[in-house]
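The block underneath contains the structure these notes are about, expressed in structure tokens.
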Protein chains: 2
Amino acid sequence: MPRSRHSDALRAAQMYYLQDLTMDAIARELRTSRSTVSRLLSSARDTGLVQIQIRSPLDTAPELERLIREQYDVDVHVVPVLDTLNEAEALDRVAMQAARTIGPLVDSNAIIGIAWGATISAVSRHLTRKITHDSVVVQLNGAGNMQTTGITYASDIMRRFGIAYGARVEQFPVPAFFDHASTKTAMWKERSVRRVLDLQDRMSIAIFGVGSVDSSYPSHVYAGGYLDEDDLKLLASSDVVGDVATVFFRADGSSDGITLNERSTGPSHEQLREVRRRICVVSGASKIDGLRGALAARLATELIVDEATARRLVSYGDSA
Amino acid sequence: MPRSRHSDALRAAQMYYLQDLTMDAIARELRTSRSTVSRLLSSARDTGLVQIQIRSPLDTAPELERLIREQYDVDVHVVPVLDTLNEAEALDRVAMQAARTIGPLVDSNAIIGIAWGATISAVSRHLTRKITHDSVVVQLNGAGNMQTTGITYASDIMRRFGIAYGARVEQFPVPAFFDHASTKTAMWKERSVRRVLDLQDRMSIAIFGVGSVDSSYPSHVYAGGYLDEDDLKLLASSDVVGDVATVFFRADGSSDGITLNERSTGPSHEQLREVRRRICVVSGASKIDGLRGALAARLATELIVDEATARRLVSYGDSA
DNA sequence: AAGCTATTTGCACAAACGTGCAGAACGGAG
DNA sequence: CTCCGTTCTGCACGTTTGTGCAAATAGCTT
């Protein structure tokens, strides 16, 4: 009689969620206290034993989602957020809902690419466990910069994903930007680097936020000491509106001729577009310009976005 | 601003299940009372907007499930049921869990075959709504008998399935058994009947219980006036142990040479085995013999069964 | 507009639930 | 065996949630 914790949790979950019994009744059946059952159920929920999913049938989806879906051809999840919340709280809500939306999409044998950043960091803190086999979490772009190696920050994010899905973690130990494009070319031939690049080539899910050059709330990349004065000037003169995984683009989604990209370590847009599921998480109205560009570049197949930003996405929607 | 009931339910569900807000907080956001939110969430649950699923990773599945899976090669869901419950209460629990397990398996464009009976009737009463498109629910075997047409009973079951999945319902207006095999042959050429048979040929999901000849608790078919004295004698002399959708089989799963099957209206076992998902629901230890036969005949790909019966399935498991 | 019925709402209360805390049970290390 | 650190359990309390009921509202008919 394996009266193990795990199998008790399973029984409890079945009785609670599938048979509508009360915790009290389950406690009697399991010969334990009601509080223990309450705890069993919590653990069942956050070990991913119980999966709660919200599926809004496409034809009854709210107007807003329908509009965005049509205009940008992306599978959109609008996160309802009280607009009195401040940026940090809103980000937290979006991140929590993103984490739970991503869960069901991850499967065994997945290769999951992660572009670290403030948004994805928040997501990583809300992941619910889901056991998979032979999955790999691979870092999409380097994290080193001129002051620090930035490694602990990025690797914390990676580790959380790895733990949540029981996946192997592959770090990408290079700087975010090389100083010289030639160094990148050289490194890209190293076998240690190739291993990571090969994984990126084969990834089945990519998860990323967007950076936006919007001045009021510059994202990590623009403020964190990754770029110097000259770089920033270069960006401004190329009409860059934002980036995904440190690869920059313009408002129309194009990225040709942006020389900085030759020194950045993230996957090119061509490469990214090869990935089947490309999940973009965005919170905060200041990201609107970057987001528009990313969508124009067709970098995402699914978009998880807060309600206010979603509204602005369609408001002056007819592109010039 | 479509402040419709449905979209409110969606917002509430997202905030409750995906962002862990309390109903109180959601009520303020939606400018309504907490009780309304409670009701919105109920309706979200039973219109299938919120899907709760329990996925026990195969390798951590309890011993019992693993054993059955290996021995009978069937995807098994053991329903924990307190063994002090009476037959009717246990059936209800199994039915509820079956209904919720089936839900996620039904998809748009499905053709769902239903074999009416006491077990499936109970299941039909616990279905949760899930909107699909262009699905059809088709009756697998006739319901008429010598006393009544049996139609209301069977059609209630069918209707409930149809409503739950937003599917068209196709009745099968023939008796459960013909008196003469030749009548069946004739009827099977009628175009009205052919239409139903064609649907059955193309079904993607079949849902059925099992009948068992066990004397202590004879199932509907054996007691309901569908068969006369001679028929029952015939069954006994052919070593029949049970039936699925009024087609009979022996303990080893074989059904050749059982003449009654030539007059019955359910799909042949060959035909049934062509169906991708074949879901068998069983409650009650008296069904054990029929169940063994059905599994031997490989009629089911998924089995939903109460714990006590599941145990007996493996107890003297080494087949003679 | 009035009148009628069916549905929806909020209130109030009871039932069900989550969690800090203190003690019990467990698991090595000495 | 004893000690100490960790994990697990049940209790008690406050919070959160479900639901019967009466009032309000919406939908229809005349």
Side-chain angles (χ1 to χ4, degrees), chain A residues 1-52 54 60 62 80 82 85 89 92-93 96-97 99-100 125-126 128-129 163, chain B residues 1-52 54 60 62 80 82 85 89 92-93 96-97 99-100 125-126 128-129 163:
Chain A
M1 251 339 75
R3 177 140 269 83
S4 82
R5 183 164 185 87
H6 186 89
S7 80
D8 273 359
L10 179 63
R11 284 175 72 95
Q14 291 182 104
M15 295 195 270
Y16 190 79
Y17 289 106
L18 265 21
Q19 295 181 29
D20 284 349
L21 300 189
T22 71
M23 295 188 182
D24 228 352
I26 298 170
R28 281 194 295 277
E29 162 86 353
L30 259 44
R31 285 163 220 286
T32 179
S33 73
R34 194 185 51 69
S35 15
T36 298
V37 174
S38 170
R39 282 186 266 255
L40 281 175
L41 288 173
S42 308
S43 94
R45 277 189 301 269
D46 45 46
T47 57
L49 214 150
V50 174
Q51 298 260 96
I52 296 181
I54 302 216
T60 66
L82 193 50
L85 256 41
E89 291 170 321
D92 211 54
R93 295 292 172 74
M96 188 182 301
Q97 186 157 336
R100 300 191 181 185
R125 260 182 278 272
H126 290 293
T128 52
R129 255 173 101 27
I163 290 171
Chain B
M1 265 313 97
R3 180 139 268 83
S4 81
R5 183 164 185 85
H6 186 89
S7 80
D8 273 359
L10 180 63
R11 283 175 74 94
Q14 291 183 105
M15 295 194 270
Y16 190 80
Y17 288 106
L18 265 23
Q19 294 182 30
D20 284 348
L21 301 188
T22 72
M23 295 187 182
D24 224 355
I26 298 170
R28 281 195 296 277
E29 161 88 352
L30 259 43
R31 286 163 219 286
T32 179
S33 74
R34 195 187 48 71
S35 17
T36 298
V37 175
S38 170
R39 283 185 265 254
L40 281 175
L41 289 172
S42 305
S43 93
R45 278 189 301 267
D46 46 47
T47 56
L49 215 148
V50 174
Q51 298 261 97
I52 297 181
I54 302 214
T60 66
L82 193 50
L85 255 42
E89 290 170 322
D92 211 54
R93 295 291 173 73
M96 188 182 299
Q97 187 157 336
R100 299 189 182 186
R125 260 182 278 271
H126 290 292
T128 52
R129 255 171 104 24
I163 291 170

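Small disclaimer: the values here were computed from a predicted structure and weren't measured. Atoms considered below: every heavy atom in the structure, side chains included; atoms not considered: hydrogens, waters and symmetry mates.
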Qualifying residues under side-chain hydrogen bond (donor to acceptor under 3.5 Å, both in side chains), relative to [X], sequence neighbours excluded:
X	answer
Gln19(A)	Gln97(B)
Tyr17(B)	Arg45(B)
Arg129(B)	none

Under the salt bridge (Lys or Arg N to Asp or Glu O under 4.0 Å) test, residues paired with Arg100(A) that sit two or more places apart =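 Asp20(B).
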Partners passing salt bridge (Lys or Arg N to Asp or Glu O under 4.0 Å) against Asp24(B) (at least two apart in sequence or in another chain) = none
[X] [atom1] to [N] [atom2]: how many Å, rounded?
X	N	atom1	atom2	answer
Arg31(A)	dG10(D)	CZ	C1'	17 Å
Leu41(B)	dC17(C)	CG	P	15 Å
Arg34(B)	dT8(C)	CZ	C1'	16 Å
Arg45(B)	dT17(D)	CZ	P	11 Å
Asp24(A)	dT16(D)	CG	C1'	16 Å
Leu40(A)	dT19(C)	CG	C1'	15 Å

task = Grab the two heavy atoms, one from Leu18(A) and one from Met96(B), that are nearest each other, plus how far apart they are.
result =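 Minimum heavy-atom contact is O-CG, 3.3 Å.
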key: Smallest separation among heavy atoms of Ala44(A) and Ala13(A), with atom names   = CB-CB, 4.3 Å
message = Heavy atoms from C-beta onward define the side chain here; which of dG18(D), dG10(C), dG18(C) lies closest to that of Thr36(B)?
response =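 The nucleotide sitting nearest to the side chain is dG10(C).
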query = Partners of Thr32(B) by side-chain contact (heavy atoms from CB on, under 4.5 Å), sequence neighbours excluded?
reply =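 Testing Thr32(B) for side-chain contact (heavy atoms from CB on, under 4.5 Å), a comparison that skips the adjacent residues, returns Leu30(B), Thr36(B), Val37(B).
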task = Report the end-to-end axis angle of the helix from dA1(C)-dT30(D) to dG30(C)-dC1(D); each axis comes from five terminal pairs, and the value is rounded to 10°.
result = 30°
message = Does anything in residues 12-23 of chain B come within less than 4.0 Å of DNA chain C? Heavy atoms only, and list the residues if so.
response =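 The answer is none.
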ask   = Does Ser38(B) offer a backbone N or O that forms a donor-acceptor pair with the side chain of Ser42(B) under 3.5 Å?
value =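 Between the backbone of Ser38(B) and the side chain of Ser42(B) there is a qualifying donor-acceptor contact (under 3.5 Å).
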query = Would you say Leu40(B) and Arg11(B) make side-chain contact, with heavy atoms under 4.5 Å?
reply =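 In short, these two side chains do not touch, never coming nearer than 4.5 Å.
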message = Regarding Ser42(A), tell me which of base, sugar-phosphate or nothing describes its non-hydrogen contacts under 4.0 Å with the strands shown.
response = nothing
ask   = Checking side chain to side chain contact (heavy atoms under 4.5 Å, CB included) for the pair Ile26(B)/Tyr16(B): CA distance, chi angles, key distance, verdict?
value = CA-CA 8 Å; Ile26(B) 298 170; Tyr16(B) 190 80; 3.7 Å; yes
Can you give me the N/O atom pairs linking the protein to nucleotides 20-25 of chain C at distances under 3.5 Å, or say none if there are none?
none

Phosphate OP1/OP2 of dG10(D) contacted by Thr32(A) side-chain N/O (<4.0 Å) = yes
query = Is the shortest side-chain N/O distance from Ser38(A) to OP1 or OP2 of dG18(C) below 4.0 Å?
reply =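 Yes, such a contact exists.
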